[in-house]
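Input: a single structure, listed below in structure tokens.
Not measured: the values here are computed from a predicted model.
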Amino acid sequence: MTIHTRRERERAERERLIVTAARELAEAEGWDAVTTRRLAAEIEYSQPVLYSHFKGKDAIMAAVAVQGCADLAAELGAARAKARGVRESLAAVAETYTSFAQRRPALYDAMFTHLVDLPFATPEAPAPLREAFGQILHAVEPIAAEGDDPGLLTETFWAGLHGLVTLMRSGRLPAEAHERRLALLIGHFAGS
């Protein structure tokens with residue numbers, strides 16, 4: 001192994017360590033607790049080392065968001081693979097998406113609530129963002145009527161899921177009716 005290859009591997013490992021520490025700290029104490037000073041202490045590196053990898057907290061949060069989208073894409077793909085039929089696939093995606101948001105609130109916030117410097121809905125979007133959206137698209141596309149734009153239909157379904165998650169987390173919608181709301185959303189999208 002060359003010195004250059006070893007340094008690249010060590011750099012990638014430090015980046016993973018920083019992102020993992022930020023993610024764990026955010027899940028335990030919220031994003032306000034995630035500072036470069038606190039992260040440096042957590043991973044036992046100096047702040048300049050963090051800044052040699054990321055411009056600041058926003059860049060770290062963007063890296064967490066990309067990693068979170070990869071996790072979400074994997075969970076959505078696994079759920080879709082177990083589903084039989086269009087309606088069941090749509091329901092599996094909806095249930096998996098909302099469960100992910102409920103289980104990982106700080107990660108979900110980094111991905112979809114906080115302002116991060118990531119291009120969404122463009123060809124420049126990182127692959128994990130496109131993959132997560134693609135998993136939802138694969139579930140929604142079969143229900144698109146002739147003339148419908150499957151991408152816009154998927155964005156609308158995603159917005160519905162995000163709205164349910166956000167309103168329930170803020171206490172504006174009672175959690176007890178969550179499954180009934182999902183059933184209504186799926187029923188209207190699936191045409192029944």
Side-chain angles (χ1 to χ4, degrees), residues 15-36 38-39 42 54 56-83 89-122 125-140 151 153-186 189:
E15 283 186 13
R16 277 191 296 278
L17 183 63
I18 293 165
V19 169
T20 300
R23 186 174 167 166
E24 290 173 356
L25 185 56
E27 286 295 346
E29 299 180 33
W31 280 106
D32 288 342
V34 180
T35 64
T36 54
R38 181 88 183 268
L39 283 175
E42 291 283 327
F54 298 99
K57 178 179 173 177
D58 291 344
I60 294 168
M61 192 181 297
V64 169
V66 170
Q67 187 185 68
C69 285
D71 293 352
L72 178 60
E75 287 188 30
L76 292 172
R80 280 186 47 255
K82 293 176 188 172
S89 178
L90 199 62
V93 162
E95 290 164 9
T96 301
Y97 183 94
T98 57
S99 172
F100 182 94
Q102 290 168 345
R103 286 182 289 111
R104 298 169 145 177
L107 179 58
Y108 186 84
D109 286 345
M111 294 162 58
F112 301 123
T113 304
H114 291 297
L115 184 60
V116 293
D117 188 21
L118 288 172
F120 281 85
T122 69
L129 277 67
R130 292 190 314 269
E131 291 164 12
F133 183 80
Q135 290 297 332
I136 302 170
L137 176 68
H138 289 309
V140 172
L153 188 60
T154 301
E155 288 173 356
T156 304
F157 184 69
W158 174 29
L161 294 174
H162 177 73
L164 289 174
V165 165
T166 303
L167 291 168
M168 198 168 53
R169 281 180 54 195
S170 68
R172 287 168 177 84
L173 292 178
E176 306 83 59
H178 175 65
E179 289 184 22
R180 289 195 326 243
R181 284 188 207 97
L182 278 185
L184 285 170
L185 181 66
I186 293 159
F189 267 82

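- The residues R38 and E42 are annotated as salt-bridged, a charged nitrogen and a carboxylate oxygen being separated by less than 4.0 angstrom.
- To the nearest 0.5 Å, atoms OG1 (T98) and CZ (R103) are separated by 9.5 Å.
- The two residues V66 and P126 make their nearest non-hydrogen contact at CG2-CG, 4.0 Å.
- Contact of the W31 side chain with the V64 side chain is registered, since non-hydrogen atoms from C-beta on lie closer than 4.5 Å.
- Residues R104 and D71 form a side-chain contact, since some pair of their non-hydrogen atoms from C-beta on lies under 4.5 Å apart.
- The list of side-chain hydrogen bond (donor to acceptor under 3.5 Å, both in side chains) pairs with a residue in residues 163-174, not counting sequence neighbours, reads D109-R169, H162-T166, S170-R172.
- One distance of note links NE2 of H138 with CZ of R80; it measures 5.5 Å at 0.5 Å rounding.
- Using a 4.5 Å cut-off on side-chain heavy atoms (C-beta onward), F100 and L107 make contact.
- The two residues G77 and Q135 come nearest to each other via the heavy atoms CA-OE1, 3.2 Å.
- Taking the side chain as every heavy atom from C-beta outward, L39 and F54 never approach each other to under 4.5 Å.
- Within the model, atoms NZ of K82 and OG1 of T96 stand 8.5 Å from one another, a figure rounded to the nearest 0.5 Å.
- The nearest pair of heavy atoms linking E27 to P105 is OE1-CD, 3.5 Å.
- Within the 4.5 Å cutoff, the side chain of Y97 has no heavy atoms near those of the F157 side chain.
- With values rounded to the nearest 0.5 angstrom, L72 atom CG is found 6.5 Å from I136 atom CD1.
- Atom NZ of K57 sits about 7.5 Å away from atom OG1 of T35, to the nearest 0.5 Å.
- Qualifying side-chain contact (heavy atoms from CB on, under 4.5 Å) partners for A74, counting only residues two or more places apart in sequence or in other chains: none.
- Evaluation of the salt bridge (Lys or Arg N to Asp or Glu O under 4.0 Å) rule for R16 yields E13 as partners, not counting sequence neighbours.
- Using a 4.5 Å heavy-atom cutoff, the side chains of R181 and L167 are not in contact.
- Dense packing is recorded around CD of Q102, with more than 12 heavy atoms of other residues, nucleotides or ligands lying under 6.0 Å away.
- Shortest non-hydrogen contact noted between V34 and A22 is CG2-O, 3.7 Å.
- Side-chain contact check for L137 versus L153: every heavy-atom pair is 4.5 Å or farther apart.
- Contact of the F133 side chain with the E155 side chain is registered, since non-hydrogen atoms from C-beta on lie closer than 4.5 Å.
- The two residues L185 and G160 have their closest heavy-atom pair at CD2-C, 4.2 Å.
- The shortest non-hydrogen separation linking L118 to A65 is CD1-CB, 3.8 Å.
- In terms of modelled atom types and a separation under 3.5 Å, the side chain of E131 and the main chain of C69 share no donor-acceptor contact.
- Taken from CG in D117 to CG in D58, the straight-line distance is 8.0 Å, to the nearest 0.5 Å.
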